[in-house]
Structure formats: structure tokens, C-alpha cells
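Shown next, in C-alpha cells, is the structure this report addresses.
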There are 2 protein chains.
Amino acid sequence: MTSTSERLLDAAQALAQQRGFNAFSFRDLANRLGITNAGIHYHFPKKADLGRALIARYRRNVAEALTEVDRTAGSATDRLKGFIASYADGLRKERLCLGVMLASETVTLPDEVQSEVRSFFAALEDWLTRVLEDGRTAGEFHFEGAAEDEAALVLSTVEGAMLSAWPLRSVKPVQALARFETVMQRFLNGLAPS
Amino acid sequence: MTSTSERLLDAAQALAQQRGFNAFSFRDLANRLGITNAGIHYHFPKKADLGRALIARYRRNVAEALTEVDRTAGSATDRLKGFIASYADGLRKERLCLGVMLASETVTLPDEVQSEVRSFFAALEDWLTRVLEDGRTAGEFHFEGAAEDEAALVLSTVEGAMLSAWPLRSVKPVQALARFETVMQRFLNGLAPS
DNA sequence: GTCTATAGGCAGATAGAC
DNA sequence: GTCTATCTGCCTATAGAC
């Protein structure tokens, strides 16, 4: 009972996270849904429209998921671990974070899509900033200076860990995931109070 | 007095670092050199051949640059800073690290190119491992456990910092660079002995 | 909403002249 | 080594029937 638009976005998201936004066509999408290429243009006139809808929905879904993490996690540490676990999940599902993929494609993306990508990262950083502040107040984390800056470091590390595991994933999925986990565990150790 | 092959690789590298390997064509290359598309196939029969040559040369050039860093730097800290500075340079020149770009394109790349990308990252990690071991021995760095694992963290962080600055770079180059520098300075602080 | 048909352009690649 | 000419195929996108 999901609409064609939603199913199109689901298929587009999977393809974009695996291959990149520029590396799938309306035909790829059409084949997956069992319709023809022309049918898609009814829902998304231009590919840029699809791109904008894609990243906007992704941002909403991630925001919801993080709210759920806030609700269920018992501590700032758990919230941060929940965040990191969602990246590991993506790796298991052969999906790069959509933000990471679109960030690398920045130069070739329509302007509206580019600005959505920036908003997406800004939202992640805002959430991370709150978690880090809460964790520092509670004595769970130790770091110097502004929580905003530490949030930028967290985001850089998790994105970089996922990206550098990505080429390895194609040939050795288990090692790639282990590598990601090791890197992030190491990072978390550095955040622990001494 | 540089050969056409070299000039082709120069142009291809610039385009690949800005737009991605799949986002430039033989025609783009041809236009930049003032020749025609067909002429390129004499030097590189298939695009995969160009890709392999591109990343292989890049790996050699980076290896040379790091050897030069080893030669001129006075300490492990300086060597690590030299490494990080080369990423900042790329950002200033509107170029993403070629490894980062190709890593994100992994799934769509010819197998031979994929394995070159993995070798490239392995070489960086080997170099970083040596620097970290030297620095720890000399008392410049403090970290627990294997230097190999710490090297993976360093690489993840610097790649992620560059990638997350990339979308911002298109609209606010100065802030993007500042952001990269802030993140990496923060990381270096965490490596300092207390 | 989805179809068929088609336009117009660009991709990688090849043959053969010079 | 580089050219012209050309092939084949895929891309985004549109018009108009159902």
C-alpha cells in the first residue's frame, strides 16, 4: 500500500547509496518497479526533482531515527553509539551514507540538491552537539572547547571511517565492517574521561 | 616538453578530483588538450586503462611526496602535519583527494581500478603507521594499542574532514578550509601526550 | 498513472586516411 | 599520433494515446 512515488524514492535511495546519484538512470528505476522510464516523469518531471525529494526525505527519516535514539537510549554514550551503529548498519546493507555519497558528487549536482546536502549535515551536527554537551555535563565525555567543534570532529570521523571501509567492503565485507568498528571504538575511547 | 600521455593524465586527474571518474568524458579531456576524442584512444584504448594509469601514477606521486616530507620534516609531528597540509592544499585547489573520490565511486569502477584504490590506501596507512610509531617512541604522541589501528583512525579522520568540507567549499571556500583545519587541529590535540 | 514512440544529445569505441 | 567519420547504445525528456 505504498505509493509509486514512495517506491520510486526507495529504489532511488538504494541505487544512490550504492552507485551514486549520477550513476543510476530513470530506466534502472523503472525496471525495478516494473514500469517504463516515461512513467517516472509523471512523479518527478526532472531528475533534479527526484534528487531534491530524495535527500529531503532522507533528512526527515534520519531526524526521526535520531529522535527515536534519544527516546530509547539511557545516556549520552548510548545515543552516540546508536548514531554510530546506524552507519555500521548501512555498511552491512551495502549502503554508503547518502550524505557521504552526495557530498563526493557535489560539483555535478543541481544547486537545490547541494543545498539540501548541506542542510542535512548541519542537522546531524546540531544533534551531535546536543549529545556531546549533555554527555560532558553528565561527566560521560571529556573534551576541550566548543561542543560544535567536537561535533564536527565526530561527524568527520564517522563519515571517513565509513568511506575508507567502502572499497574494502566490495571484496572483504567482514573485514571492512570490523575495521569500521575498530576505528570508531578507538575514537570513543578518546572521548572517555580519564 | 611533457608527453601527451602525461598531459592527458594531468587533465584527467584534475577532472576526476573535481567531478569524479565517471563524470568526465574523453571529449572533456580532448577539449582541454585541443585534440579530438579519437586521439585519446591511441594512448588509452579503454577508459579503464586511463583509470588504472591515473590512480597508479597518483599513488607513486603521493609516495614521493611523503618521502620528501620524511626528508625535510624535523619530527614525527612535523611529518604528520605535512601529511595533513597536503589535504588542505587540495581543498584550496578545489580538488578532493583522488582516493576519497574513487572510494565513493567504488561500485561503478572497473575491478583493476578498485584494487589500485585499495593499494593506495594501504600505502598511506603503512606510512602513517611508521610515523605514529616513531612519534610514540619519541614521546611526541600518546595513544594506546597498535599503531596500525591508530593509523586507520588518522586516515579516516582526515578523509572525512575533507569530504565533509567539500559541499561547503562550493559556496564558502574560506569557511570550508577553516573547518577542515579546526577539525584536524582538534584531532592533533588528542594525540598530544598529557 | 502508465503506456508507446520518439526526439536530441552525449557516451565509449572503432576503422581507416594522413 | 592525430584526424574525420561513423557506429551503437544509453541518457533525459516530451507528446499524445489509453
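We use all heavy atoms of the structure for the numbers below, so side chains are in, but hydrogens, waters and symmetry mates are not. A quick note: this is a predicted structure, and the numbers were derived from the prediction, not measured.
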Looking at [X], I'd like to know whether one of its side-chain N or O atoms comes within less than 4.0 Å of OP1 or OP2 on [N].
X: T4(B); N: dG1(D); answer: no
X: K47(A); N: dC11(D); answer: no
X: Y42(B); N: dT2(D); answer: no
X: H41(B); N: dT2(D); answer: no

Interatomic distance where [atom1] belongs to [X] and [atom2] belongs to [N] [whole Å]:
X: I40(B); N: dC3(D); atom1: CD1; atom2: C1'; answer: 13 Å
X: L8(A); N: dT12(D); atom1: CG; atom2: P; answer: 13 Å
X: L50(B); N: dG12(C); atom1: CG; atom2: P; answer: 10 Å
X: F24(A); N: dC10(D); atom1: CZ; atom2: C1'; answer: 15 Å
X: E6(B); N: dG1(D); atom1: CD; atom2: P; answer: 13 Å
X: H43(A); N: dT2(C); atom1: NE2; atom2: C1'; answer: 8 Å
X: N37(A); N: dA5(C); atom1: CG; atom2: P; answer: 14 Å
X: N31(A); N: dC3(C); atom1: CG; atom2: P; answer: 11 Å

- Taking the side chain from R59(B) and the backbone from E116(B), do they hold a donor-acceptor pair closer than 3.5 Å?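 Answer holds: no.
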- Message: Between E140(B) (side chain only) and T77(B) (backbone N and O only), is there a donor and an acceptor less than 3.5 Å apart?
- Response: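 Yes, the answer is positive, given that a donor and an acceptor are paired below the 3.5 Å cut-off.
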- Message: Can you tell me which nucleotide in dT14(D), dG1(C), dT12(D) comes closest to the side chain of R27(A)?
- Response: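 Looking only at heavy atoms from C-beta outward on R27(A), the closest nucleotide is dT12(D).
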- Out of dT14(D), dC3(C), dC11(D), which has the shortest distance to the side chain of K46(A)?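 Selected nucleotide: dT14(D).
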So what does [X] touch, heavy atoms closer than 4.0 Å: a base, only the sugar-phosphate, or nothing?
X: T36(B); result: base
X: F26(B); result: sugar-phosphate
X: F44(B); result: nothing

- Query: Would a 4.5 Å heavy-atom cut-off, applied to side chains only, mark R57(B) and D10(B) as touching?
  - Reply: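 Touching, per the 4.5 Å side-chain cut-off.
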- Do the rings of Y87(B) and F180(B) sit parallel, tilted or perpendicular, given the 30° and 60° boundaries?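 Aromatic pair Y87(B)/F180(B) classed parallel.
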- Query: Which pair of non-hydrogen atoms, one from L9(A) and one from L54(A), has the smallest distance, and what is that distance?
  - Reply: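 Minimum heavy-atom separation between L9(A) and L54(A): O-CD1, 3.5 Å.
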